[in-house]
Amino acid sequence: MDPAVSLTQPALWPLTAIVFLPALVAALLSLPIVPKAREEFIRWTTLLTTAVVFVLSLWMAWPQLFGAAGPAQFRLGEPGMQAVVKLPWIKAFGIEYLLGVDGISLPLVVLTTFLSMLAAAASWPIAKHVKAYHVLFLLLETGMLGVFVSLDFFLFYVFWEVMLLPMYFLIGIWGGPRREYAAIKFFLYTLLGSVLMLLAILMLYYSSDLRQLAPEQLLASHVVSPALDAAAQADAMRLIKDAKAPVHTFNLLALAQIGQLPTSPFAATQLWGMSLEKWAFLLLLIGFVIKVPVVPVHTWLPDAHVEAPTPISMILAGVLLKLGGYGILRICYPICPGAGLDFAWLVCGLGVVSMVYGAFAALAQKDFKRMVAYSSVSHMGYVMLGLGVWSAVAGHEYRWDAWAQGVNGAMFQMLAHGISSAGMFFMVGVLYDRVHHRNLEEFGGIFNRMPVYGGLAIAVFFAGLGLPGLCGFIGEVLVTLSSWNYSRVLAVISAFTVILTAAYILWAIQRVYLGAEYKGPHGDHLTPITPRELAIATPLVFFAILFGVAPQILFNYLTPSVNRQVETLADWTRRVHDAAPAPPAVAVGEADGRIESQGVAAR
C-alpha cells in the first residue's frame, strides 16, 4: 500500500483495526499452535481483544479523554460523514473498501464494542468447545462492526452475511435443549431477508448513474475523494462525465444523492405497476424488519433468545436488533425517499402493532427469558414508529422538527434498549446458571437471598420499564410526542403501551425478586453474586442511570447527523416530491434493454 494513503486518510488504520482486529485474533486462535486445552488463555485473549477494540472505539468517539483530538477522531457538532476511508477493492464493478462514521453510526459502534466486551466476560461459564466458541464470537463482532461503518452497499452486504453463520453456530451448538430448531429458524428468517436485500441492491446498482451528479455531489458522497488534489479531482470527475455508458455505483452516499434527484432513475423506472424505488424500499424494509424484528416476522426471536447462551442473548438483543433500525435509517429513507414518504403509514403501523403485541405477549409468558424476549419486540416497535413519523409535509408547512424529534428518539431508544435489554438477559442468565430453570411461577424471594444481585436486577428492569431518570424513558417519550403530529391515534396507542410495559415488568419483579419464598429446585444454589458477575452488571446499571439523567451525552452525537438527514428529506419533499411533475416512466423492459446494451458496449 502507498504510504501516502495513510497520510491522506488518517482514519485508515484506526477504523480498520476496530473492525478487523477481532477477526485477526480469531484467525490466530484457530491455528493449531493454540491448543484446545488452554481454555483460560483463550478466554483471556478474547476478553483482552474486545477490551482493546472498545478502547479504540472510545479513542475515536471521545478524543478529549486521550488528550488533543487528531484528524482520525470524531468531531462533535459536525453532521457529515467523518473518518472516511476509501480504497479500491473490486474495480471492475466499482466496489470499494469504503468506511466512515457519523453521529448515527458511531454511538452504535461504541455500544457494540462495549457489549462485546461484557459478553466476552459473561462467556466464562461456557465449557464446551471453548476454542471454537471464542473464534466464532470474535468473527461475530467483526461482522457487526463492519455493518455500522460500511459506506459501500456491497461491503455492507458482505458484513451483514458474515454475522449470520457465527450466530447460527453459537445458538445451534451452545444453546439449550431446542437449540437446533431455534438456530435453523433464525438462519432461514435472516437468509430470506438477505436474499430480498440482495435483489434490492442489484436493482439500485443497475439503475444508478453517477453522471447525473454534480461535481459538488460527487465530492460530498466521496465518489471522488476530497483528499485528492484539485487536478486529480478534476480528472476523476471528467472520467465519470465523459463516460459513454451509465456509471453504476454501490456507494451508499452517492445512491442517496441519486435517489433524491428531481430526475431520480429509481423513481422513473416502472416494474409491475410500481416504481423501482418502491420495490427496492419494500424489499430492503422486509430484510431490515426481520432483524428488528416486527410483527409478523418476529417469531424467530423468542426461540433464539430462549435457547441461546446468556452472552449470545446479550449480543442478540443489545446489538443485532439495532442493525435493522440502522439499515432503515441509513439506507431505506435516504435512497428511496419517495417510497419512504408513501409507505410511512406502513412503517408506523408495523411499529405500533409490534409495540402492543409484544407487550401483551410478554404479559402472557411463564418463561422468564421468553418474557424479556417479547419485551424487545415491544420496545423496538417504538424505534419503528419514531423512524416512520414523516410529518414534514405540506399540511404541516414542511416543518421537520417533530419528525427529527421522532428519529432522535428512535436512535436514543436503540441505544438505551441496547443497555437495558443486555442487562435484563444477563440478570436472567445469572439466575439460570444457579437453578437451571426460568419458570416465573417457581421463583420468589430472590432479593432476600441475593440482595446485591436483586438491587442491580431491579434497577435494570426499571430501565427497561421506562422509569423517569433511567435510560428507557427518554426515547419512548420523544417518539410518543413526535407521533402526535403524524397521527393522534398512534400517539395514544404508544402512550397506552407504557402501561402494559409497566404491568409485565412490575409483575415479573414481584414474582421473581419480591415474592414470599423461592419455590423451585436447587434453592441451595442461590449464592451471592460473584465478582465477575458484579463487574458485568455494574457498568450496565451505571450507564442506564447516566443516560437517563444526562441524555445530552448521546444527543450531542446523534442530533447533528439526524437533524441534517431529516432536514434534507423535508427539503426534498417540498422541492421535488410536491413541486415537480412525476418523472416520465421507463418500463422495466426498456431499462433491461438499456442495461443489456451497456453490457454489449462494455464487452
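- Listed by first and then second residue, the salt bridge (charged side-chain N to carboxylate O under 4.0 Å, His left out) pairs involving residues 248-263 amount to none (not counting sequence neighbours).
- Listed by chain and number, the residues in a side-chain contact (heavy atoms from CB on, under 4.5 Å) with Glu216 are Ala214 (sequence neighbours excluded).
- Listed by chain and number, the residues in a salt bridge (charged side-chain N to carboxylate O under 4.0 Å, His left out) with Asp102 are Arg330 (sequence neighbours excluded).
- A search for side-chain contact (heavy atoms from CB on, under 4.5 Å) contacts involving Ala362 returns Met371, Tyr374, Tyr504, not counting sequence neighbours.
- Within the structure, every pair that satisfies the side chain to side chain donor-acceptor pair (under 3.5 Å) test and touches residues 463-483, not counting sequence neighbours, is listed here: Thr480-Ser494.
- Between Asn251 and Ser221, the shortest heavy-atom distance links the atoms ND2-O, 2.9 Å.
- To the nearest 0.5 angstrom, Ile201 atom CD1 is 10.5 Å from Leu283 atom CG.
- Closest non-hydrogen pair, Pro539 versus Phe114, comes out as CB-CZ, 3.9 Å.
- Every pair passing salt bridge (charged side-chain N to carboxylate O under 4.0 Å, His left out) that includes a residue from residues 331-358 is listed here, sequence neighbours excluded: Lys278-Asp342.
- The pair Glu567-Arg564 fails the salt-bridge criterion, with no side-chain N (NZ, NE, NH1 or NH2) lying under 4.0 Å from an Asp/Glu carboxylate O.
- Side-chain polar atoms of Asn408 and Asn563 form a donor-acceptor pair below 3.5 angstrom.
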Discussion item. Applying ring pair (Phe, Tyr, Trp, His ring centres under 6.0 Å) to Tyr326 and Phe148, what does each step give before you reach the verdict?
Written reply: CA-CA 8 Å; Tyr326 173 77; Phe148 288 131; 5.2 Å; yes

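- For the atom pair Leu145 CG and Phe159 CZ, the distance stands at 9.0 Å (nearest 0.5 Å).
- Legend: salt bridge (charged side-chain N to carboxylate O under 4.0 Å, His left out) pairs involving residues 344-363, not counting sequence neighbours: none detected.
- For residues 459-485, the pairs satisfying ring-ring contact (aromatic ring centres under 6.0 Å, His included) are Phe368-Phe461, with sequence neighbours left out.
- Within the structure, every pair that satisfies the side chain to side chain donor-acceptor pair (under 3.5 Å) test and touches residues 413-424, not counting sequence neighbours, is listed here: Lys322-His417, Ser376-His417.
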Item to complete: Apply side chain to side chain contact (heavy atoms under 4.5 Å, CB included) to the pair His298 and Tyr357, showing each step before the final yes or no.
Response: CA-CA 11 Å; His298 68 288; Tyr357 177 87; 3.2 Å; yes

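- A search for ring pair (Phe, Tyr, Trp, His ring centres under 6.0 Å) contacts involving Tyr382 returns nothing, not counting sequence neighbours.
- Atom-to-atom distance recorded for Met414:CE and Leu329:CG is 6.5 Å, nearest 0.5 angstrom.
- Side-chain atoms of Glu161 and Ser194 include a donor-acceptor pair closer than 3.5 Å.
- Residues satisfying the ring pair (Phe, Tyr, Trp, His ring centres under 6.0 Å) test with Phe266, not counting sequence neighbours, are none.
- Under the 4.0 Å criterion applied to side-chain N and carboxylate O atoms, Lys369 and Asp367 are not assigned as salt-bridge partners.
- Scanning for ring pair (Phe, Tyr, Trp, His ring centres under 6.0 Å) contacts around Tyr157 gives an empty result, with sequence neighbours left out.
- What you find for Leu558 and Pro107 is that their closest heavy atoms are CD2-CG, 3.9 Å.
- Atom CE of Met60 is separated from atom CG of Leu106 by 7.5 Å, given to the nearest 0.5 angstrom.
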